[in-house]
Amino acid sequence: MPTNPTTVPRSTAGLRWPVEPAMGGWYTAAERTAVEFALDDAADWRMGWKSAPYTQRFEDAFSAHTGADHAVAFNSGGTALEMDLHFLGLEPGDEVISCAINFVGPHIAVIGQGGHLVLAEPDPITLNLDPADTERVITSRTRAIVVTHWNGAVADLRPFLDLADRHPHPVHGPPVVIVDAARACGGRTPLGAVVGAEGWATVFSFESKKLMTTLGQGGMVTTNDSALADRLRWLRTYGGREHWGTNQMMTKAQAAVGLVQLSRLDEMNHARIRRAHQRTRQLADVEELTLPPTFNGRMHLYYRHNLLVPVAWAGEGRDQFMNTLADRYGVGSIISDPPTYLGHRLIRDHIGAHRCPRAERLTARLLCPCLHPRMSEADETAICDAIRQATVHTARTHCTSH
Ligand SMILES: *Cc1c(COP(=O)(O)O)cnc(C)c1O
């Protein structure tokens with residue numbers, strides 16, 4: 001079995017456009033002012049870096065934005081997700097379902113919190129968790145379904161909530177639906193709700209690459225479950241006075257910046273969506289490539305612009321295409337992401353012989369060339385031209401070498 005697949009071009013030294021662009025670079029005078037204000041405030045020895053009033057304001061704004069009853073800020077999306085799982089008190093044999101195509105974080109969190117990770121296949125168009133395959137693997141031991149809005153494509157949660165209702169755990173009742181919205185902050189669901197209002201708990205990340213950022217790291221959970229919200233507040237501050245917990249607080253400066261970024265989120269997302277739709281139009285006549293679906297109404301935020309190469313190019317041909325893009329045109333791209341068990345030993349050991357062949361077949365054809373709303377029109381045109389020419393080049397060389 002292939003292990004440790006590389007997800008980037010073999011040489012990245014000469015890239016003109018990086019494999020993974022950062023949103024963290026898109027700050028305005030308002031973010032700078034917010035940081036300066038926090039800094040001045042912290043210079044007062046009576047206040048220092050005490051974060052509570054700042055975090056509270058950010059959380060209030062975030063719950064108002066999403067329509068969820070509660071928002072609880074964390075130092076990262078990863079810890080936020082892990083604490084949601086911690087709340088469930090998973091026991092040996094308790095199962096958590098998640099899509100095989102994923103960031104490793106959610107899967108390691110399930111394993112770390114004592115759950116049994118059950119991987120399911122992706123939908124071939126959005127690469128989101130497939131409800132039909134989830135139904136195939138759900139059992140009476142399932143405690144949670146983690147739905148990741150993959151690369152910004154907002155998943156419809158209704159089939160998962162239905163499934164959960166139809167498969168209650170004998171002790172704990174219907175499995176909870178945990179939403180990983182690290183790549184879909186500000187998205188809209190098919191019902192028109194803002195991402196964060198549906199499901200049991202929704203996790204956001206404000207890490208440097210994400211759609212809004214808080215000085216490099218940061219996370220948030222939204223929920224309508226006040227018991228969960230209360231517990232999360234203890235968990236991030238050493239358990240209050242009774243429980244286990246640790247320090248997972250967001251800082252004052254991060255919360256101050258987060259408040260500004262949240263007010264700019266729709267504007268930033270719109271710019272990204274426009275850019276992605278533009279690229280999709282530009283490449284529409286390249287028949288070798290399967291382009292991402294064009295969803296309107298913020299149902300796709302295009303955290304990445306997924307391309308699928310032809311079935312005949314799976315694996316080697318895709319790698320060649322990615323290397324050509326990098327070596328000849330300086331365009332970085334990333335395979336985002338192969339099934340987590342291929343690249344992470346802990347996950348591979350955990351799942352034993354279980355495999356997700358559809359996920360493997362799809363991601364052998366996947367690559368995501370650099371996309372960023374702040375790129376100039378000239379850069380965008382150059383990248384589209386490069387994709388077009390690399391396609392021709394790969395069609396010629398890959399076919400003759402086989
Ligand atoms: C970034 C990310 C996370 C983790 O967020 P951090 O804040 O980096 O810990 C979780 N899930 C997905 C899908 C992500 O992209």
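Start at 1 and go down the list; that is how both ligands and their atoms are numbered.
Every atom of ligand 1 is numbered from 1 in the order shown, and the set under 4.0 Å from a heavy atom of Arg183 is 13 (C), 14 (C), 15 (O). Contact atoms of ligand 1 toward Ser76: 7 (O), 9 (O) (distance under 4.0 Å to a heavy atom of the residue). Of all atoms in ligand 1, listed by their number and element, those nearer than 4.0 Å to a heavy atom of Thr148 are 13 (C). If you number the atoms of ligand 1 from 1 as listed, the ones under 4.0 Å from a heavy atom of Lys210 come out as 1 (C), 2 (C), 3 (C), 5 (O), 14 (C), 15 (O). Of all the atoms in ligand 1, the ones that sit under 4.0 Å from a non-hydrogen atom of Ala182 are 2 (C), 3 (C), 10 (C), 11 (N), 12 (C), 14 (C), 15 (O).
Nearest to atom 3 (C) of ligand 1 among the protein's heavy atoms is Phe103 CD2, 3.5 Å. Remark: minimum distance from atom 13 (C) of ligand 1 to any protein heavy atom is reached at Asp180 OD2, 3.4 Å.
At least one test fails for Arg318 against the ring of Phe321: distance under 6.0 Å to the centre or angle within 45° of the axis. A cation-pi contact links Arg183 to Trp150, judged by a cut-off of 6.0 Å to the six-membered ring centre and 45° from its axis.
For Gly218, the heavy-atom gap to ligand 1 drops under 4.0 angstrom.
Under the 4.0 Å criterion applied to side-chain N and carboxylate O atoms, Arg388 and Asp285 are assigned as salt-bridge partners. Arg298 and Asp266 are joined by a salt bridge, as a carboxylate oxygen and a charged side-chain nitrogen come within less than 4.0 angstrom of each other. The existence of a salt bridge linking Glu91 and Arg143 is excluded, since no basic side-chain nitrogen approaches an acidic carboxylate oxygen closer than 4.0 Å. Between Arg233 and Asp230 no salt bridge is recorded (no basic side-chain N to carboxylate O distance below 4.0 Å).
Residue Trp150 has no nitrogen or oxygen atom sitting less than 3.5 Å from a nitrogen or oxygen atom of ligand 1, judged on distance alone. Note: an N/O pair closer than 3.5 Å links Ser205 and ligand 1 by distance alone. At least one N/O-N/O distance between Gly77 and ligand 1 falls below 3.5 Å. When only interatomic distances are considered, the shortest N/O to N/O separation between Gly78 and ligand 1 falls below 3.5 Å. Of the polar atoms of Asn102, none of the N or O atoms is found under 3.5 Å from an N or O of ligand 1, judged by distance alone.
Note on ring orientation: taking the six-membered ring where Trp is involved, the planes of His277 and Tyr302 are perpendicular (angle over 60°, cut-offs 30° and 60°). Between Phe206 and Phe58, the angle of the ring planes lies from 30° to 60°, which puts this pair in the tilted group.
The proximity of Val203 to ligand 1, defined as any non-hydrogen pair under 4.0 Å, does not occur for either the backbone or the side chain.
Using a 4.5 Å heavy-atom cutoff, the side chains of Glu59 and His70 are not in contact.
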